[in-house]
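Data first, discussion second: the structure below is written as structure tokens.
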Amino acid sequence: MLYSQKLSQNSYSKKESITSFNIMIVGATGSGKTSFIRTFCEFLKQDIIQGTYKETGNKALKNSLQSTEEIYTTSMHIEENGKRTALTFIDTPGISSPVIQQLQSLTSYIDSQYFRTLAEYTTQESKLQRDAKAVDTHVHACLYFIVGAGFQGLSEVDKFILKVLSSRVNVIPILSKADTLTSAQHQWLKETIKEEIFNIYRIPVYGHIQVEDSEEGEYSKDGKDDENDIKDTNFDKKDEAHLSKIINMLQDCMFKDMDEDACAMLEYLHTMPFSMISYEENFETGRPIEIRSHEINGCQTSTESLQENYNDSVAKIINSSEKTQTMINHNQALGRRYPWSVVECCNPDHCDFLLLKRMLLSTHRDMLKIDTSECFYENYRTQQLISHQKDKASTMNSQLKKANLS
């Protein structure tokens, strides 16, 4: 099975009262990162447990929208279907020139969370059973916002950033500001970006699985390589349809083994990159503008539209709690008002917000945590131990040379 065997054998099999899940938001200046966090928090507000909402920034999400000048976090505890999650969003400054310097600050932040685990829980790391109460500050998912204004697919900067971040964290591509795209532009960009990531440049974002040709059904997680040189910008183009191989392998897992995780991964690959629309805010208060139900083309609610346009497996996205959240107070929606129409953040005909929300907090949450712990953290831990051993050996050699000279 794809991930099910890992889940059953992993320490996550023990039910935890609270599960930590940390999401970093990365993208160019003006790509809609902070607006996305505001929209997500607004949508979740009915599920936020009272007294758990915290911001390290000075009311970063409560005033009118401003540029993010430094990394800050927004955290809360939410409860869905009886499961409690300590959710943290990590907002980052918009990336602009010089890219390398800003990218180094992001990778340093990600690495510092791994270092924190290695330093604070050295004793626990040596035990067979780790402390279940230890706070998990690892970055489990990194949403990278791609601006499709140029209709050129991935830019050189996008490819550079995606490859560097993918060596350290689960990267999930996001197509931002989908309301500025026509239907044809939207579809073309989605297909082009997916083709470039999986088949041309083979960038190991989340969902990129290396499928072995030699043995049918054999696979491994791809290329979370030990690439530490941020200056390496060479991308070898591949003509092979690697994405098709991944999909075929996942379909085999789903039909032969009834693997639910394989099904979830197929849904993810079908949708990504996720298109996003954030709500329009009141310039003075920063709160969402009021959009009443009768303004939404006088037709369907977003929930009804979703259920009609998706097949049964994907229609499960909308559970009972999401139905009540789609229309705030049953009369007001999150969206943007234009002279010709209103676009909804929670309407699947307009963007993939609900799909992304379900993917992060439900169907892929444990898989993302497992990848972070067993792949990225273990790679970091191994590199640190090797580096420490080399430094120790170098020190001993220096001392021996001094002793011999004396």
Side-chain angles (χ1 to χ4, degrees), residues 3-4 6-25 36-57 60-61 71-91 109-110 112-125 127-143 169-170 172 206 260-261 264 317 319-322 324-325 354 356-378 380-381:
Y3 284 96
S4 299
K6 282 189 176 183
L7 283 169
S8 64
Q9 297 171 2
N10 198 276
S11 60
Y12 291 116
S13 59
K14 291 187 175 181
K15 292 184 179 179
E16 300 173 338
S17 56
I18 302 177
T19 300
S20 298
F21 193 69
N22 310 311
I23 305 171
M24 175 179 276
I25 317 297
F36 167 79
I37 297 176
R38 290 185 175 215
T39 302
F40 211 112
C41 292
E42 188 69 29
F43 184 82
L44 290 176
K45 70 177 184 180
Q46 293 182 359
D47 289 331
I48 297 176
I49 297 173
Q50 188 174 6
T52 64
Y53 183 89
K54 297 178 182 178
E55 292 178 300
T56 58
L61 301 184
I71 295 176
Y72 72 91
T73 63
T74 301
S75 60
M76 66 210 75
H77 288 192
I78 61 173
E79 188 166 349
E80 288 188 338
N81 301 323
K83 296 181 180 180
R84 189 163 175 170
T85 301
L87 178 64
T88 298
F89 289 103
I90 305 157
D91 198 4
Y109 180 91
I110 296 169
S112 69
Q113 307 312 308
Y114 299 141
F115 176 80
R116 177 177 175 177
T117 300
L118 194 59
E120 292 185 5
Y121 303 109
T122 303
T123 303
Q124 295 296 332
E125 291 291 306
K127 297 180 179 180
L128 292 176
Q129 296 293 332
R130 299 176 183 175
D131 185 2
K133 295 182 180 179
V135 178
D136 183 1
T137 63
H138 296 165
V139 179
H140 302 114
C142 174
L143 307 186
V169 68
N170 291 304
I172 300 170
Y206 179 67
E260 294 181 358
D261 298 316
I317 296 164
N319 56 34
S320 58
S321 64
E322 287 175 313
T324 58
Q325 288 175 318
L354 289 182
L356 179 64
K357 182 258 183 184
R358 177 177 182 259
M359 177 256 175
L360 291 172
L361 301 184
S362 180
T363 57
H364 288 256
R365 187 192 67 175
D366 288 341
M367 288 191 279
L368 288 162
K369 287 176 68 70
I370 287 173
D371 276 358
T372 302
S373 175
E374 297 189 358
C375 180
F376 298 111
Y377 170 67
E378 289 302 329
Y380 174 85
R381 178 174 174 272

### Query
For Tyr72, does its backbone N or O pair with a side-chain atom of Asp91 as donor and acceptor, under 3.5 Å?
no
### Query
For the side chain of Lys369 and the backbone of Ser20, is there at least one donor-acceptor N/O pair under 3.5 Å apart?
yes
### Task
Indicate the atoms forming the closest heavy-atom contact of Met367 with Thr363, along with that distance.
CE-O, 3.3 Å
### Message
Ignoring hydrogens, what is the shortest heavy-atom contact between Val139 and Tyr114? Give both atom names and the distance.
### Response
O-OH, 4.4 Å
### Query
Do Val169 and Met24 come close enough that some side-chain heavy atom pair is under 4.5 Å?
no
### Task
Only one of Ile25, Asn170, Ile37, Ile90 passes side chain to side chain contact (heavy atoms under 4.5 Å, CB included) with Leu143; say which it is.
Ile25
### Query
How many angstroms lie between atom CG of Asp47 and atom CG of Leu361, to the nearest 0.5 angstrom?
9.5 Å
### Message
For a 4.5 angstrom cut-off between non-hydrogen side-chain atoms, does Met359 reach Leu368?
### Response
yes
### Query
What closest approach, in Å, do Thr74 and Cys41 show between heavy atoms, and which atom pair accounts for it?
CG2-SG, 4.3 Å
### Message
Can a donor-acceptor pair be found, under 3.5 Å and without considering hydrogens, that links the side chain of Thr56 to the backbone of Thr73?
### Response
yes
### Task
With side-chain hydrogen bond (donor to acceptor under 3.5 Å, both in side chains) as the test, would you mind laying out the steps for Ser373 and His138 before giving the verdict?
CA-CA 8 Å; Ser373 175; His138 296 165; 5.9 Å; no
### Message
Quick check for you: to the nearest 0.5 Å, what is the distance between Asp136 atom CG and Ile18 atom CD1?
### Response
13.0 Å
### Task
Assess the pair Tyr206 and His364: is the distance between their ring centroids shorter than 6.0 Å?
yes
### Message
Once rounded to the nearest 0.5 Å, what's the spacing between atom CG of Leu87 and atom OH of Tyr53?
### Response
11.0 Å
### Query
Between Phe89 and Met76, is any pair of side-chain heavy atoms under 4.5 Å apart?
yes
### Query
Roughly how far, to the nearest 0.5 Å, is the CG atom of Asp366 from the NE2 atom of His140?
10.5 Å
### Task
Would you give the length of the straight line joining atom CZ of Phe21 to atom OG1 of Thr372, rounded to the nearest 0.5 angstrom?
7.5 Å
### Query
Do Asn22 and Thr137 have a side chain donor and acceptor closer than 3.5 Å?
no
### Nearest-0.5 Å distance that lies between atom CZ in Arg84 and atom OG1 in Thr19
11.0 Å
### Query
Between Thr85 and Arg365, which heavy-atom pair has the shortest distance, and what is it?
OG1-NH1, 2.9 Å
### Query
Is the ring centre of Phe376 less than 6.0 Å from the ring centre of Tyr380?
no
#### Entry: Beyond-backbone contact of Arg381 with Thr117, side-chain heavy atoms, under 4.5 angstrom
no
